[in-house]
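Report on the structure given below.
All chains are named by letter (A, B, ...) in the order of the sequence lines, taking the proteins before the strands, and each is independently numbered beginning at 1. Just the heavy atoms: all of them, side chains too, but no hydrogens, waters or symmetry mates, feed the values below. No experiment lies behind these values; they were computed from the predicted model shown.
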Amino acid sequence: MAIQKHTADPKSQRANKRKWTNLDADETPNIEHKSNPQPNAPTKTFNHHKTSQAPNHLLKRRDELLLSRRALPIWPQAEAIRDELRKKNVLVLTGATGSGKSTQVPQFLLSEKWCKKCIAITQPRRVAAISLARRVADEMGCLFGSQSPAAKVGYSVRFDNATGPNTKVKFLTEGMLLQEMLRDPLLPQYSAVIVDEVHERSVNVDLILGFLRTLVDGPSRGGKRKIPLKVVIMSATADVEALVKFFNESSESERKDDHDSEKSGPGKSPDDETSPHEPTKSLVSTCFVEGRQYPVKTIHLPEPSQDWVESALKIIFQIHLKEPLSDNKPGDILCFLTGQDTIEALEKLVNDYAEHLDKDIPKLQALPLFAALPQHAQQRIFQRAPPRTRKVILSTNIAETSVTVPGVRYVIDCGKSKIKQFRNKLGLESLLVKPVSKSAAIQRTGRAGRETEGTCYRLYTEEGYKAMDERTTPEILRCDLSHALLMMKARGVDDVLGFPFLDRPPREAMEKALMQLLHLSALTETGSISDTGLKISRFPLTPTLGRVLVEAAVPERDCLLDAIDIISALSVENIFLNLVSEERKEEAEVARRDLFRREGDHMTLLATVRRYAEEQTDRKAWCERHFVSHRAMQNVMDIRKQLRQQCTQLKMLASTNNSSKPSEEHTNAILHCILRGFISNTARLMPDGSYRTLMGNQTVAIHPGSVLFGKKLEAIVFTEFVFTSKAWARGVSAVQLDWVQGVVEEVM
DNA sequence: CGTGGTGTC
């Protein structure tokens, strides 16, 4: 979530307030709460870690914050949490929104005797890592990040490492911890790793859990670390059992290795390993903490509805006309829809109807919210509505986890979301509208009870709710596994089929990914990682894009800088703005004409990145003139810089062939590199004018957003293959059929 | 002939 990233203005009070929109602690510090302070609470740690330089205003702020910390539901559990971790190495902690777990648990552990080194705490999103670090530093009364070398709290996210030699609490994104695990498998710099938001079950969290499982035991139990690592797994949903089982199984097998290594053979059930005299003692502690949430009344439809836009419209006006709007209580509506199209349709309807409201009734303001929306438009949800106006935020599931919308009292939930699913057989992703899970529905409902008691209107029946899956299918069960498996291979996991997965992906999916890696020459025939594979794994890229990069560095190709520009542009969301009206589209076409290249989208991206990079006076204005997303281009430049640095470090960037007007020969070299990474994403023109993939004979169409849309070309290569209403090729370049056949023969 | 839920290294 990038809402706050480039716009937060430290000088503005409003911006300061915004930083906290993603915290799950202390968002409602002024509500009445029975405080239950512990006499030997973590205040002790302040003395222990007190720095001589801590300025007075920081200490004053620390003492003020202590009051609200004491009111957090997790506060009374501090001693119990410390106690459990003294006895056992793993703690599974369940705590709903508002329990204070993300900010308090690291502070509870700092003063422990076993805590000699740093505590890592992972977050799925960058903004959360940064804002939590800032908050914890405030609470501890110290500077944070790179403000001072003495800072005890820091964070590490891509493009921004704000840690120092004295960092004791380090918030970092899951991706960053994985990178550290690749470099230093035993994590010697940490005494504890806290994995937060595990219930979201990102692929990265699943990999982290698998890797951590082998680290929790000390040498006496077969672990490779001298001092065992303490691990805290934090989740908002009560999926404790699976996690406890997961971590107990590891210790079980390690003890087996210790005690009867010669006896154990295949086919033995794990039950046989435990001594009959003493039942297996769990090596995992559990702890449950209440959340802090106001009650929400949930209302289902009596009959199923097909048309959510219409049903939502009715309910919006029903709420608006019946429920009073007061100045000092939240009364805004948050409506969950599936995508930009439904959001914009409903936005128009709400605005049309709102025009005809009686003059004595408060106004309605419809605000769309989705990730592709420009920054300033997203920021509107944080601004106060004009007087006597009710906001209606029409959102994708971005408001489910990534953005906390303030002032909401009513939630309307269509009960669906777009879900990406990788299809092994076709090797493509589908983006389909599917019912959400019960836990997602509960999460959406909860958004009505953040500030006061609220109401949730579900655009489905109670039976519909009961029929939903309990939990959202973990991402690792529905994604392309090639990146995950390459990470595992790079970390020395030879037998990826035997890797400890919390949820094991189907064998077919893993085999498909292994084949893919083999075709990329990232693995050798025997399945071990190749030099090429090792190189690819070092880059923050998918294996396919990584392969393009490696290919571009070989002397015959010699087009690395161009490849980096293209890859950077492919790594972010669409850099060309999405325009709705026909008029604007024509306008954009004219403005972008000098950027478009007949070779296709990749050379067009290259031209765009080049022109943007060359623009020295006003890049933002340049973007506006060309209908290009400035935010996306800033991300492109960050990635470009990082990739150039990494290539220099790996000594891949020897030549500086960087001609601004590439010759045909040079263009062909670039396209050959793309072909090398995306050989399975190639198609040829059929006599009937359609395209069929060379591997798989699947019909594809060039996406309407491509510069080659509607063109008839001998053969194409594409970097994205998505199924929505039909199979689309996005990111398309024209190539010669004999090139494609040449690479296919070389690889297969 | 017609379109992209949300993150991350």
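- Taking atom CZ of residue Arg491(A) and atom P of nucleotide dC9(B), one finds them 19 Å apart after rounding to whole Å.
- Closest to the side chain of Arg125(A), out of dT6(B), dG2(B), dT8(B), is dT8(B).
- As judged by a 4.0 angstrom heavy-atom cut-off over every strand, Leu431(A) is placed among the base-contacting residues.
- Put simply, the side chain of Lys420(A) and the base of dT6(B) share a donor and an acceptor less than 3.5 Å apart.
- For the side-chain hydrogen bond (donor to acceptor under 3.5 Å, both in side chains) with Asp413(A), the lone residue among Tyr457(A), Tyr465(A), Tyr460(A) that qualifies is Tyr460(A).
- Between Gly710(A) and Arg730(A), the one whose closest nucleotide on DNA chain B sits nearer the 5' end is Gly710(A).
- Nucleic acid contact class of Val157(A) (heavy atoms, under 4.0 Å, all strands): sugar-phosphate only.
- Residue His703(A) has its side chain nearest to dT3(B) when only dT3(B), dG5(B), dG2(B) are considered.
- Straight-line distance from the NZ atom of Lys434(A) to the P atom of dT6(B): 18 Å, rounded to whole Å.
- Glu197(A) and Arg125(A) are not joined by a salt bridge, as no carboxylate oxygen comes within less than 4.0 angstrom of a charged side-chain nitrogen.
- A salt bridge links Glu551(A) with Arg547(A): the distance from a Lys NZ or Arg NE/NH1/NH2 to an Asp or Glu carboxylate oxygen falls below 4.0 Å.
- Under 4.0 Å is where a charged nitrogen must lie from a carboxylate oxygen, and between Glu429(A) and Arg478(A) no such pair does.
- Protein atom CG of Leu369(A) is 15 Å distant from nucleotide atom C1' of dG7(B), rounded to whole Å.
- When distances run from any side-chain atom of Trp728(A) to the nucleotides dG5(B), dC9(B), dG2(B), the shortest one goes to dG2(B).
- When heavy atoms are screened at a 4.0 angstrom cut-off, Ser202(A) is found touching no nucleic acid atom at all.
- Counting only heavy atoms from C-beta on, Phe709(A) has its side chain closest to dG2(B) among dG7(B), dG2(B), dC9(B).
- Rounded to whole Å, atom P of dT8(B) lies 10 Å from atom CZ of Arg158(A).
- For dG5(B), the OP1/OP2 oxygens have no side-chain nitrogen or oxygen of Ser417(A) closer than 4.0 Å.
- If you check every strand for non-hydrogen atoms under 4.0 Å, Glu174(A) touches nothing.
- Here Ser725(A) reaches the OP1 or OP2 of dT3(B): one of its side-chain N or O atoms lies under 4.0 Å away.
- His199(A) has its NE2 atom 15 Å from the P atom of dG7(B), to the nearest Å.
- Across all strands, Thr173(A) comes closer than 4.0 Å only to sugar-phosphate atoms, never to a base (heavy-atom distances).
- A cation-pi arrangement is present between Arg423(A) and Phe723(A) under the rule of less than 6.0 angstrom and at most 45 degrees off the ring axis.
- Glu200(A) and Thr401(A) are not linked by any side-chain donor-acceptor pair at a separation below 3.5 angstrom, with hydrogens and angles left out of the test.
- Using a 4.0 Å cutoff on non-hydrogen atoms, the parts of residues 536-551 of chain A near DNA chain B are Pro540(A), Leu541(A), ordered by number.
- Distance, Leu485(A) CG to dC9(B) P: 21 Å, rounded to whole Å.
- When rounded to the nearest whole Å, the span between CD of Glu429(A) and P of dT3(B) equals 18 Å.
- With respect to Lys438(A) and Asp469(A), no salt bridge is recorded, no charged nitrogen being found less than 4.0 Å from a carboxylate O.
- Taking atom NZ of Lys726(A) as the reference point, atom C1' of dC1(B) lies 6 Å away to the nearest angstrom.
- Ion pairing between a basic and an acidic side chain is recognised when a charged N comes within 4.0 Å of a carboxylate O; Arg201(A) and Asp503(A) show such pairing.
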